[in-house]
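Since we're looking at a predicted model, the values are computed, not measured.
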Amino acid sequence: MPPPEIATRVARAGTWNEAVDTVTLDYESRFLRRRRVETDRGATVIIDLPETLSLAEGDALILKSGAHIGVHAAGEPLLEVRAEGSELARLAWHIGNRHTPAEILPGRIRLRRDHVMASMLAQLGAHVAEVEAPFSPEGGAYGLGRTHRHHHDHSHTDGNATGHSHSHDEGHAHGHDTAGAD
């Protein structure tokens with residue numbers, strides 16, 4: 001068995017031409033810095049990037065030899081949410097209010113499969129279907145790229161009549177710059 005190849009750089013989609021192999025990764029696995037992966041042809045590649053990056057469909061890992069390993073987004077169990085007209089915007093607000101990563105597509109929104117979200121969205125009048133598809137949710141609020149979950153606490157006052165204050169432990173997302181070298 002040959003020694004593993006090492007990938008130290010990334011080429012963004014549209015900036016490279018030919019791949020010697022491909023790797024198919026889900027959304028979480030496409031957020032990486034150092035990892036050992038198996039290509040679609042069974043070869044081992046050690047990814048050793050200078051910083052954590054978010055890879056997208058069509059990007060490529062650049063091996064030390066200069067060869068490219070194409071990146072494919074794996075299908076994942078998702079919910080596809082549809083509604084008519086402005087109702088879709090209202091549903092997007094409810095999804096965002098729950099800090100749920102969402103992929104916005106023409107006429108539909110995709111999010112990770114979750115029976116609680118599916119039930120809530122159906123009660124709000126959405127057409128919800130379970131699908132298997134690649135997942136590429138929107139980046140951070142300031143257009144800085146990938147979102148990821150982390151822990152933090154903050155206090156605020158609810159806008160209700162009691163005006164009580166409380167703390168939240170929110171696993172919500174913040175955008176981080178993910179520009180890579182090509």
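Expressed to the nearest 0.5 Å, how far CG of L63 lies from CD1 of I47 amounts to 9.5 Å. Distance check: R12 CZ to D59 CG gives 4.5 Å after rounding to the nearest 0.5 Å. Interatomic distance, T100 OG1 to H94 NE2, rounded to the nearest 0.5 Å: 12.5 Å. The CG atom of L49 sits 8.0 Å away from the CZ atom of R33 when rounded to the nearest 0.5 Å.
Note on L55 and V37: same hydrophobic cluster, where clusters join Ile, Leu, Val, Met, Phe, Trp and Tyr whose side-chain heavy atoms are under 4.5 Å apart, directly or indirectly. In the hydrophobic clustering of ILVMFWY residues, with side-chain heavy atoms under 4.5 Å counting as a link, L32 and V45 come out together. Under a hydrophobic clustering in which Ile, Leu, Val, Met, Phe, Trp and Tyr are joined whenever their side-chain heavy atoms come within less than 4.5 Å, directly or via other members, I46 and V20 fall into different clusters.
Counting only distance, with no hydrogens or angles, the side chain of R82 and the backbone of H127 share no donor-acceptor pair below 3.5 Å. Side chain of E76 to backbone of Y27: a donor-acceptor contact under 3.5 angstrom is found. The closest donor-acceptor contact from the side chain of R9 to the backbone of A7 lies at 3.5 Å or more, if one exists at all.
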Practice problem: Test H72 against D40 for side-chain contact (heavy atoms from CB on, under 4.5 Å), laying out the working first. | Solution: CA-CA 10 Å; H72 292 299; D40 295 334; 4.1 Å; yes
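Two residues are said to be in side-chain contact when any heavy atoms from C-beta on lie closer than 4.5 Å; R41 and I69 fail this criterion. Between F31 and T52, the closest side-chain pair of non-hydrogen atoms falls below 4.5 Å.
Looking at every heavy atom in both residues, P134 comes nearest to R110 through O-NH1, 4.1 Å. Here the shortest heavy-atom pairing between A133 and L78 reads O-CD1, 3.4 Å. Between W16 and G70, the shortest heavy-atom contact is CH2-CA, 3.8 Å. The nearest pair of heavy atoms linking R30 to A74 is NH1-N, 4.2 Å. Nearest heavy-atom pair, E87 versus A83, reported as atom, atom and distance to 0.1 Å: CB-CB, 3.8 Å. The nearest pair of heavy atoms linking H68 to A60 is CD2-CB, 3.8 Å.
Within a 6.0 Å sphere centred on CG of N17, heavy atoms belonging to other residues, nucleotides or ligands number 12 at most. Within a 6.0 Å radius of CD in E132, other residues, nucleotides and ligands contribute more than 12 heavy atoms.
Among the candidates E103, E28, E130, the single residue satisfying the salt bridge (Lys or Arg N to Asp or Glu O under 4.0 Å) test with R112 is E28.
By the 4.5 Å side-chain criterion applied to Ile, Leu, Val, Met, Phe, Trp and Tyr, L111 is assigned to a cluster that also includes L79, V81, L88, L91, I95, I104, I109, M117, M120, L121, L124, V128.
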